[in-house]
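Convention: sequence-line order gives letters A, B, ...; per-chain numbering from 1.
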There are 2 protein chains.
Amino acid sequence: MSSPADLARLADLLGDPTRAVMLQALLAGEALTAGELARAAGIGAPAASAHLAKLAEGGLVVVHPQGRHRYHRLASEEVAAAIETLGGLAAATAPQRRWPHGEAFRTARLCYDHLAGRLAVALHGALVGRGWIQPAAGGWTATTAGEAGLAAMGVDLKAARTARRFACDCMDWSERRPHLAGGLAREIASCCLRRHWLTRATAECAGDPLARRRLALTPEGGRALHAALGLAA
Amino acid sequence: MSSPADLARLADLLGDPTRAVMLQALLAGEALTAGELARAAGIGAPAASAHLAKLAEGGLVVVHPQGRHRYHRLASEEVAAAIETLGGLAAATAPQRRWPHGEAFRTARLCYDHLAGRLAVALHGALVGRGWIQPAAGGWTATTAGEAGLAAMGVDLKAARTARRFACDCMDWSERRPHLAGGLAREIASCCLRRHWLTRATAECAGDPLARRRLALTPEGGRALHAALGLAA
DNA sequence: CCGCCGCTTCGGCGGCGGGCGAAGCACGCT
DNA sequence: AGCGTGCTTCGCCCGCCGCCGAAGCGGCGG
């Protein structure tokens, strides 16, 4: 239960511009090394190390040492969801600024381990509209038609079921409508990337820390999603 | 669209312990004067004024001058929802501490203009279970049975329909299940307070800034809710 | 008209926190 | 073993921010 002090401690972690950049970079879902995050944030290694220690101690980030590298991930999808939510409010509160590639960012992006943006919202609608998923307690389940269709697309349903939640709604702040989260959404995103229907915009992000999250629909991806789900390009 | 800088600016506003106390006090939904907020936060008038100016400039709080008083409210229910969400993550992240009356806080509290806590979750379940509300695009609508039942309880449905959203789900962080938000939820809360089914724990909050939000079910309230909705005490 | 009261602005103080460079540690490669 | 590399720790500086006391402003009441 959150006393105001707890809230403040957590918000303070998000309230530093440098840490915010790091967290946005981590919202792409990948585990990044301290050095990568330092470069993304444009600071030196010592400062990055201090920030990451705070984030880890605050429970927002988990560390995964591997050889002489230390990989950092967001601690949970709840953390990712809270950051996205707060980002949405920030966008609503300070709507003035537009930065380069903002439009592309709205179109398709990663949110921790699943898709977000216009494409993800459209996909959510298509899955519901075609009857591939149906409401269930606290989320969605796949129908038999959905299982067949998703398997045909190349989605690993077995892997999707290992997640804590199979599928549930997650509010998309840029579209103000829900997209899909949970194990199924993770596998769909994984499938789209594996089959090169969606590609990461750039690998390294000098100057634009959100580049890691941005996705682009390939021509074949557009064709595949149209064929499978009737999605318009 | 939220650049990391926007996110950081917003989170920084929530990240100050003093401001967090003020915002928690405002989460009770009432408009409070600068002096009341200063006392709640345990600081002097100048400091409070500075904080409130920042919150207002950041779009989290709106000011409502009235005579020589200046009343402050949360700017929107989106702001309230974001603070609640972040508070839930804070509770999950730092679960160790228990402060006095925390249990009562989980039982029933105000969240901006509607009810939250165990009671609100139970109420949500009862409304759905009795078929008084049914799913609709982006939320819930009242059935004819629901209209009759709610009117019999004393809920002003006409007022409820003036809100931007009639009824929608809002995740309750302490219960991890949804409760009801929107115009209907606002009128239900208003009705419960008006009829003294629920009472505010204390008016002024020396030491415990969350006191404003805490609610207690009166004996008559327990009887009334049991009779109308079958809610157990 | 004067005085009280709520609130804001100003000036100054103190502490916290983020940044860097240098040094230290740990791991891996050759 | 020796070296390079990734990361952390240490020490330090600087700037920012929150707090207060004093003063200024405006509304309200006698």
Side-chain angles (χ1 to χ4, degrees), chain A residues 4-26 30-58 60-73 203-207 209, chain B residues 4-5 7-26 30-58 60-73 204 206 209:
Chain A
D6 290 329
L7 172 68
R9 225 175 40 78
L10 177 59
D12 196 43
L13 286 175
L14 309 178
D16 178 85
T18 304
R19 284 193 289 265
V21 170
M22 290 178 160
L23 289 170
Q24 282 283 2
L26 288 171
E30 292 176 310
L32 301 178
T33 67
E36 287 173 309
L37 287 165
R39 280 190 297 275
I43 58 175
S49 181
H51 282 306
L52 289 170
K54 290 186 183 183
L55 290 174
E57 198 202 358
L60 295 181
V61 154
V62 288
V63 193
H64 198 243
Q66 202 162 328
R68 55 183 168 183
H69 297 285
R70 300 195 66 186
Y71 284 93
H72 299 259
R73 298 187 60 118
E204 188 77 13
C205 44
Chain B
L7 172 69
R9 226 175 39 78
L10 178 59
D12 196 44
L13 286 175
L14 308 179
D16 179 85
T18 304
R19 283 193 289 265
V21 170
M22 290 178 159
L23 290 169
Q24 282 283 2
L26 288 172
E30 291 177 308
L32 301 178
T33 66
E36 289 174 308
L37 287 165
R39 280 191 296 277
I43 57 173
S49 183
H51 282 305
L52 289 169
K54 290 186 183 183
L55 290 173
E57 198 202 359
L60 294 182
V61 154
V62 289
V63 192
H64 199 244
Q66 201 162 329
R68 57 182 166 183
H69 297 285
R70 301 194 67 185
Y71 285 93
H72 299 258
R73 296 188 59 119
E204 189 74 14

State, yes or no, whether a side-chain contact exists between B:L60 and B:L14 at a heavy-atom distance under 4.5 Å. yes
Note the angle between the end axes of the helix from C:dC1-D:dG30 to C:dT30-D:dA1, five pairs defining each, rounded to 10 degrees. 20°
With nearest nucleotide decided by heavy atoms, which residue, A:G67 or A:R19, maps closer to the 5′ end of DNA chain C? A:R19
Working to the nearest 0.5 angstrom, can you tell me the gap between B:L32 CG and B:R39 CZ? 10.0 Å
Atom CG of B:D12 to atom C1' of D:dC17: distance rounded to whole Å? 9 Å
Whole angstrom value for the distance that separates P of C:dG17 from CZ of A:R9: 12 Å
Separation of A:E36 CD from A:H69 NE2 (nearest 0.5 Å): 8.5 Å
Could you give the NE2-to-P distance, from A:H64 to C:dC27, as a whole number of Å? 15 Å
Please tell me if the side chains of A:V21 and A:H51 come closer than 4.5 Å, counting only heavy atoms from C-beta onward. no
About how many Å separate CG of A:L26 and CZ of A:R19, when rounded to the nearest 0.5 Å? 13.5 Å
Reading 5' to 3' through nucleotides 3-8 of chain C, protein heavy-atom contacts under 4.0 Å coded B for base, S for sugar-phosphate only, - for none: -BBSSB
Quick one: are A:M22 and A:I43 in side-chain contact, heavy atoms under 4.5 Å? yes
Once rounded to the nearest 0.5 Å, what's the spacing between atom OG1 of B:T33 and atom CG of B:L52? 9.5 Å
Separation between CG (A:L13) and CD (A:E57), nearest 0.5 Å, reads 8.5 Å
Nearest-Å distance, CG (A:L55) to P (D:dT8)? 12 Å
To the nearest angstrom, how far is B:I43 atom CD1 from C:dG14 atom C1'? 17 Å
Is any side-chain nitrogen or oxygen of B:K54 closer than 4.0 Å to OP1 or OP2 of D:dC17? no
